[in-house]
Amino acid sequence: MTECYIRVAEDENEEPMEIPSEEDGTVLLSSVAAQFPGACGLRYRSPVSQCMRGVRLVEGVLHAPESDWGNLVYVVNYPKDNKRKMDEMDAASAVKIKRGVQKTSDLIVLGLPWKTTEQDLKDYFSTFGEVIMVQVKRDAKTGNSKGFGFVRFTDYETQMKAISQRHMIDGRWCDCKLPNSRYFLEQAGPDEPMRSRKVFVGRCTEDMSADELRQFFMQYGEVTDVFIPKPFRAFAFVTFADDQVAQSLCGEDLIIKGTSVHISNAEPKHNNIHHLFSNFPGRSPSLAAMLERSQYPFPSSHV
DNA sequence: GTTGAGCGTT
């Protein structure tokens with residue numbers, strides 16, 4: 001019933017680490033995850049039965065087996081025993097790094113409890129590594145969570161780890177996945193469509209000025225033009241002096257003023273192919289490749 | 001004031 005430390009280890013034979021309990025004697029799963037990223041629970045060997053027993057977990061709160069935690073060593077549970085798989089994951093990511101494909105991207109987080117806030121997400125995912133962006137998608141009117149969000153890590157290894165396992169967040173299992181907008185990036189088609197110097201910047205916010213966009217995109221190469229449609233429509237066009245710079249950014253999610261924007265090829269003004277596929281479900285690669293270049297709404301005056 | 005597979009208000 002009092003504040004104390006309980007002994008926790010990854011394995012019964014490993015050196016335990018002391019994790020603080022709360023004032024009421026419970027231990028927060030987040031406290032465990034702070035030291036053991038990805039942890040989803042605890043177990044211990046019962047002195048009576050000599051069997052492993054699970055520790056009661058309710059809404060992210062771990063409850064002592066008896067009146068107190070005693071002197072037992074508690075062992076960390078991981079989802080689906082992903083502990084070993086991680087080694088293979090590391091090897092896989094090492095290969096990718098050699099190929100130079102270790103760029104991070106936004107991850108969609110599915111299945112969030114309605115109550116989960118961006119701070120909660122930040123706190124949880126920070127146990128995996130540095131987090132540079134979190135979002136909880138909400139209904140514009142009510143402000144209610146839609147039950148999903150996004151997270152962006154600094155490091156690719158952190159991202160891979162987050163993707164490779166399930167996540168217990170505020171009492172629900174959640175999944176981290178590459179969002180569909182990334183799917184198209186893999187399709188570096190053999191017939192390169194166009195070597196445009198202009199890119200489409202989707203998901204802009206209203207507080208992004210043309211000047212700020214120019215300042216931001218300068219880091220990639222000389223910017224020759226920035227166009228923001230008026231009235232505000234959540235996208236912009238940025239033109240570079242070098243087409244290779246523009247192409248290298250296509251498919252990327254970049255973070256400007258804390259918001260994740262999506263870069264894709266700018267379509268010629270007269271293009272209206274999106275009208276033909278407005279009900280696109282997002283499965284066919286070839287269709288997808290076409291739509292990736294025209295998935296964003298254009299003003300009707302362009303039609 | 002509800003919900004539980006999904007894909008980022010324009």
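Letters A, B, ... mirror the listed sequences (proteins, then strands); counts begin at 1.
- Once the 5.5 Å centre distance and the 30° plane angle are applied, the aromatic ring of A:Phe148 is found not to be stacked with the base of B:dA5.
- Counting to the nearest Å, the P atom of B:dC7 and the CZ atom of A:Arg152 are 20 Å from each other.
- With a 6.0 Å cutoff to the six-membered ring centre and a 45° limit on the axis angle, A:Lys198 counts as a cation-pi contact of A:Phe237.
- Judged by distance alone, with hydrogens and angles left aside, A:Asp106 brings a side-chain donor or acceptor within reach of the base of B:dG8, the pair sitting under 3.5 Å.
- Among the atoms of the strands shown, none is found under 4.0 Å from any heavy atom of A:Leu107.
- Per the stacking criterion (ring centres < 5.5 Å, plane angle < 30°), A:Phe150 stacks onto the base of B:dG8.
- Side-chain contact check for A:Asp207 and A:Thr205: at least one donor-acceptor pair (N or O, by modelled atom type) lies under 3.5 Å.
- Taking the six-membered ring where tryptophan is involved, the planes of A:Tyr124 and A:His167 are perpendicular, since the angle between them exceeds 60° and thus also 30°.
- Rounded to a whole Å, the CH2 atom of A:Trp114 is 8 Å from the P atom of B:dT3.
- In this structure, CZ of A:Arg203 is placed 10 Å from P of B:dT10, rounded to the nearest angstrom.
- If you measure from atom CG of A:Asp139 to atom C1' of B:dG8, you get 14 Å, rounded to the nearest angstrom.
- Distance check, rounded to the nearest 0.5 Å: OG1 of A:Thr104 to CD of A:Glu157 gives 10.5 Å.
- Of the candidate nucleotides B:dC7, B:dG8, B:dT10, B:dC7 has the atom nearest to the side chain of A:Asn180.
- Close to B:dT9, at under 4.0 Å from its OP1 or OP2, lies a side-chain N or O of A:Lys137.
- Contacts of A:Ala234 with the nucleic acid, taken as non-hydrogen atoms under 4.0 Å apart, include base atoms.
- Across all strands shown, A:Pro113 has heavy atoms under 4.0 Å from base atoms, whether or not it also approaches the sugar-phosphate.
- Both A:Gly147 and A:Cys204 sit near DNA chain B, but only A:Gly147 has its closest nucleotide nearer the 5' end.
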Stepwise salt bridge (Lys or Arg N to Asp or Glu O under 4.0 Å) test for A:Arg7 and A:Glu18: CA-CA 5 Å; A:Arg7 302 198 292 159; A:Glu18 294 193 331; 5.9 Å; no
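- Counting any heavy atom pair closer than 4.0 Å across all strands shown, A:Arg172 reaches a base atom.
- At whole-Å resolution of the value, CZ in A:Arg138 and P in B:dT10 are 18 Å apart.
- We find that CZ of A:Phe232 is positioned 9 Å from C1' of B:dT9, with the value rounded to whole Å.
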